[in-house]
Amino acid sequence: MSGNVHETTVERVTSLARGVVEWRFRLEPPEPLAFRPGQFVSVRVGEDAAGAAILRSYSIASSPGQPWFALILKLVPGGVASSWFERLQPGARVRFTGPMGFFVLDLQHPGDVVLGVTGVGITPALPMLRELLARPEPGKVRLYWGNRDAEDLFWQAELDELQRTHPRFEVRYFLSGPAPSWSGLRGRITPAVLADLAAFRQPVFYLVGNGAMIRELKAGLVERGVDRKKQVRNEAFFE
Ligand SMILES: Cc1cc2nc3c(=O)[nH]c(=O)nc-3n(C[C@H](O)[C@H](O)[C@H](O)COP(=O)(O)OP(=O)(O)OC[C@H]3O[C@@H](n4cnc5c(N)ncnc54)[C@H](O)[C@@H]3O)c2cc1C
């Protein structure tokens, strides 16, 4: 699943939440990018003093089959790629390799599917959910999405709509430092997933986002008898 070098053009830039921005790209000539939901691309965001390319990975935030694709960044203040992306306006040319990566859905699941996501880790999760929920699999699908506060949230309308139209899917939003007015769930996703473990039948876990969350949650699952190789897939965006 490794990819080729592509050139693409920025078509649209949209602010989605605090420090979260979507860039939409079109290939030239216009053609859909071949990938599986969950895969990422490696974008050339500059060169170092010796002239070597500086590369950063971004999960594809759109679904396959369209003449455009999207990347969504949580901008890191002072970050090399974040500063480069902030200057990217419609019409700019961008070079990337891929799509690539093995964080994709199993071809079928024996039981339930649980997604444990923090922050901008939601970018591959929504396209993966769309692929999963279009399948005739009977198992429950539950998304735990953790953020700091309500200003980090985006795509709630899309996720709520998936929940409304697919009775086997449930989304749970967790905030670790919400304003007093937040009436939803509080805290981190790791204890919540572990507390619910007994409710899942033969679950497969997809964990994506903050590397510390992935390590802790994976360790907790394995301690409780989950098979690390057969039942846990993960993609760490940063440590
Ligand atoms: C497979 C893969 C897919 C990824 N997909 C995405 C994606 O879809 N969207 C996205 O925004 N990022 C994604 N990342 C992270 C991305 O590659 C960069 O690390 C991120 O954009 C910061 O790069 P930078 O050059 O701006 O910051 P840098 O100058 O490289 O570093 C700044 C610091 O910020 C930390 N950091 C990186 N990301 C975050 C974050 N989200 N929150 C807090 N601290 C952070 C780094 O650990 C580092 O210490 C992905 C990473 C991987 C490995």
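As the structure lists them, so they are numbered: ligands from 1, and atoms in each ligand from 1.
- Counting only non-hydrogen atoms, the option in F238, F40, F103 that gets closest to atom 46 (C) of ligand 1 is F238.
- Distance screen at 4.0 Å: atom 49 (O) of ligand 1 has no protein heavy-atom neighbour inside the cut-off.
- Close approach of ligand 1 to E235 is summarised as follows: ligand atoms under 4.0 Å from at least one heavy atom of the residue are 1 (C).
- Taking any N or O of S83, backbone or side chain, none lies under 3.5 Å from an N or O belonging to ligand 1.
- If you look at I72 next to ligand 1, the close heavy atoms, those under 4.0 Å, all belong to the backbone.
- Checked against ring pair (Phe, Tyr, Trp, His ring centres under 6.0 Å), F154 has the following partners two or more places apart in sequence or in another chain: W145.
- The single protein non-hydrogen atom nearest to atom 34 (O) of ligand 1 is V76 CG1, 3.4 Å, given as residue, atom name and distance.
- The protein non-hydrogen atom at the shortest distance from atom 5 (N) of ligand 1 is S59 N, 3.1 Å.
- In the candidate list E239, Q39, K74, K74 is nearest to atom 11 (O) of ligand 1, counting heavy atoms.
- If you look at Y58 next to ligand 1, the close heavy atoms, those under 4.0 Å, come from the backbone and the side chain alike.
- One N or O on the side chain of W182 and one on the backbone of L185 form a donor-acceptor pair closer than 3.5 Å.
- Considering only non-hydrogen protein atoms, atom 51 (C) of ligand 1 sits nearest to F237 O, 3.4 Å.
- Side-chain contact between R172 and D196: present, with at least one pair of heavy atoms (C-beta onward) separated by less than 4.5 Å.
- Here the protein heavy atom with the shortest distance to atom 23 (O) of ligand 1 is R56 NE, 3.5 Å.
- Checking side-chain atoms of E137 against main-chain N and O of H109 turns up a donor-acceptor pair under 3.5 Å.
- T123 places a side-chain heavy atom less than 4.5 Å from the side chain of F237.
- Looking at A236 against ligand 1, only its backbone comes within 4.0 Å, counting heavy atoms.
- A donor-acceptor contact shorter than 3.5 Å is absent between the side chain of R148 and the backbone of S176.
- Using a distance-only test at 3.5 Å, with no hydrogens or angles considered, no donor-acceptor pair links the side chain of R130 to the main chain of L126.
- Checking side-chain atoms of T97 against main-chain N and O of V5 turns up no donor-acceptor pair under 3.5 Å.
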Quiz prompt | Derivation of the side chain to side chain contact (heavy atoms under 4.5 Å, CB included) call for D112 and R142 | solution = CA-CA 8 Å; D112 299 334; R142 187 175 297 167; over 6 Å; no
Name each donor-acceptor pair under 3.5 Å that joins a side chain in residues 58-69 to protein atoms two or more places apart or in another chain, with its distance.
residue : atom : partner : partner atom : Å
S62     : OG   : A70     : N            : 2.9
Q66     : NE2  : S63     : O            : 2.5

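- Not a single donor-acceptor pair under 3.5 Å links the side chain of E22 to the backbone N or O of T14.
- When each atom of ligand 1 is checked for a heavy atom of A81 under 4.0 Å away, the hits are 24 (P), 25 (O), 26 (O).
- Considering only non-hydrogen protein atoms, atom 26 (O) of ligand 1 sits nearest to S82 OG, 2.6 Å.
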Quiz item: What's the verdict on side chain to side chain contact (heavy atoms under 4.5 Å, CB included) for L143 and Q163, showing C-alpha distance, side-chain angles and the deciding distance?
Solution: CA-CA 10 Å; L143 167 67; Q163 180 171 249; over 6 Å; no
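- Here the protein heavy atom with the shortest distance to atom 14 (N) of ligand 1 is S57 O, 3.3 Å.
- Residue, atom and distance of the protein heavy atom nearest to atom 8 (O) of ligand 1 are T123 OG1, 3.1 Å.
- Looking from atom 27 (O) of ligand 1 to the surrounding protein, the closest heavy atom is G79 CA, 3.4 Å.
- Counting only heavy atoms, the protein gets under 4.0 Å from atom 18 (C) of ligand 1.
- Only the side chain of V120 comes within contact range of ligand 1, with a heavy atom under 4.0 Å; no backbone atom does.
- Less than 4.0 angstrom separates atom 31 (O) of ligand 1 from none of the non-hydrogen atoms of the protein.
- One option in V80, I60, V45, L55 has a heavy atom closer to atom 29 (O) of ligand 1 than any other, and that option is V80.
- With K140 contributing its side chain and A199 its backbone, the two residues share a donor-acceptor pair below 3.5 Å.
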